[in-house]
Amino acid sequence: MTPGEPLVRWDWVANHTGEIGLRIGEHLELTIIAVVLGLAIAFALAFAGLRLPHLYPPITAFAGILYTIPSLALFAFLVPYTGLSLLTAEIGLVSYTLLILVRNIVSGIRSVPSEVRDAALGMGYTPRAILWRIELPLALGVIFAGIRVATITTIGLVTVTALIGQGGLGYLILLGIQQFFSTPLIVGATLSVALAVAADGALVLVQRSLMPWTRVR
Amino acid sequence: MAETRGATVEFRSVTKRYGDTVAVDGLSFAVPAGRICVLVGPSGCGKTTSLRMVNRLIEPTSGEILIDGENVLQGDPTELRRRIGYVIQQTGLFPHQTVADNIATVPRLLGWPKERIGARVDELLTLIGLDVRMLRRYPAQLSGGERQRVGVARAMAARPPVMLMDEPFAAVDPIVRERLQNEFLRLQRDQGITVIFVTHDIDEAIKLGDRVAIMRAGKLVQYAPPGELLAHPADDFVARFVGSDRGLKRLSLLTVGGADIDPNFDRSRLDGAPVLSPSMTLRDALAAMLASESQTGKVMDGDRYLGALTLAKIGAMLRVETPA
């Protein structure tokens, strides 16, 4: 950084609002695709683990291994196969959501009180109806806790996907590093944090509106 | 309220084995329609297992269970369960549903039209004595007693001919329990439902049961009306289980009106004697006489003098036979 230069040059920010808006949009898109796909895959894996309990330990072990691979290394490994593409970015991002989502879906459903399940079965609910109408609604609190962590983690990770040309706020950070120019770096990082905080708040609101019974008393 | 008609329930040599363990061993008994049968015994005696075999939450190893002559083991268990009311100790109310939705569970599963469900829910709420404002509440907002009432209303919603109750009042305090028991008795008489009721509490069994089945280690030891159980316990185990105060317990099943009253007793000698009504239990009469240190009680039906009841007569009823 050049000495004497202010940390943030507001004139640069004012001249680049269009670009900044674009990067926020890309960032959100990458995040939403990753969390939605991650949820879909995690539900499939969780249901498999609940139906066949002996499958659950290998499923979590696999998701755990994915989770421990450094993101840079994973992208570098994938690029020869899937290129500098959205697919490469999402394979990585989705992989990192699986562990927390699968674990929370399974433990949320397992935490439903046994007498509630017993009453439902005893009154003539089918096992499928018990899952969809009793267990899943009651597991929502734990599942949402997982979605919130997965979303925040993904928003942070998306900054790395700029390295494989997928844009997002990481692009601004990269720009700052390459040009020894602090303004876009700080703008990118700050907006990424703000996005995480906002997304978390939005998820809390969605969760509350889906679970009216937790708001009483 | 006479639309509900209780069904008969019959166990025929029902056995449940888990590996080498026999949980229920050749159980046979019949419950008449519209009556309460209480299964009672120490923990592990197989009473809950027996109850849960009626709606096939547990499948018997052998034997038959008949409801109105029809073997429940044939046909679809889900469809069977919708025809049988089910109440459990921790209520099992759905925490994410309002009181109204909880009560409407079985009618909804049966696909009743909305208006009919709404009308039935309102009717049940009145029956269990809860305010309409409760309909929009969630279970977490109710007291223990209110939750149990909603649990009973939910079980009765689709007018089942048979209701299964597994220690439904065990988790509430004694005062609320007594009130719930009385309400339940009134409701059951009113609706004419056949009830199979599990408890470990012999006093509850004697109070609620038309018939009491005492179980031990998977076997039925005695099956009799409560009065007979107290007067003629089948063996030492039953005698110990009903308690050494079983004579006193029996007094609470008998009324002053049914006792040996002396109508020729000189009324003038009854000054200071407590006044007893014919509908009073002998246990309460005894308490009244002991409290006023009187050897006799004055039995009055309103203004009409019926005669005197003496401590000696009550004492005679206490001397129930002990098994040989």
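Residue numbers begin at 1 in each chain, while the letters A, B, ... track the order of the sequences. These values consider heavy atoms only, across backbone and side chains, with no hydrogens, waters or symmetry-generated copies.
Looking at B:Arg136, neither its backbone nor its side chain comes within 4.5 Å of chain A, counting heavy atoms on both sides. For B:Arg137, no part lies near chain A; criterion is any non-hydrogen pair under 4.5 Å. Residue A:Ala120 touches chain B through both its backbone and its side chain, counting heavy-atom pairs closer than 4.5 Å. For B:Leu93, the part sitting under 4.5 Å from any heavy atom of chain A is the backbone (N, CA, C, O) and nothing else.
For the options A:Asp118, A:Thr126, A:Val116, heavy-atom pairs under 4.5 Å to chain B are most numerous at A:Asp118. Comparing B:Ile88, B:Thr98, B:Asn55 by heavy-atom pairs within less than 4.5 Å of chain A, the highest count is held by B:Ile88.
Heavy atoms only, all atoms of each residue included: A:Pro137 and B:His96 are closest at CB-CD2, 3.5 Å. Closest heavy-atom contact between A:Ala119 and B:Thr91: CB-O, 4.4 Å. Nearest heavy atoms, A:Met123 versus B:Arg82: O-CG, 3.5 Å.
For the atom pair CG of A:Leu138 and CD of B:Gln97, the computed distance is 8.5 Å after rounding to the nearest 0.5 Å.
The neighbour count for A:Gln207 CD, taken as heavy atoms of other residues, nucleotides or ligands under 6.0 Å away, is above 12. At most 12 heavy atoms of other shown residues, nucleotides or ligands fall within 6.0 angstrom of atom CZ in A:Phe62. Within a 6.0 Å sphere centred on OH of A:Tyr56, other residues, nucleotides and ligands contribute more than 12 heavy atoms. Heavy-atom contacts from other residues, nucleotides or ligands closer than 6.0 Å to CZ of A:Arg117 number more than 12. In the displayed structure, A:Arg51 atom CZ is contacted under 6.0 Å by at most 12 heavy atoms of other residues, nucleotides or ligands.
Proximity of A:Pro212 to B:Tyr138: side-chain heavy atoms (C-beta onward) are separated by under 4.5 Å at one or more points. Between B:Thr105 and A:Tyr125, the closest side-chain pair of non-hydrogen atoms falls below 4.5 Å.
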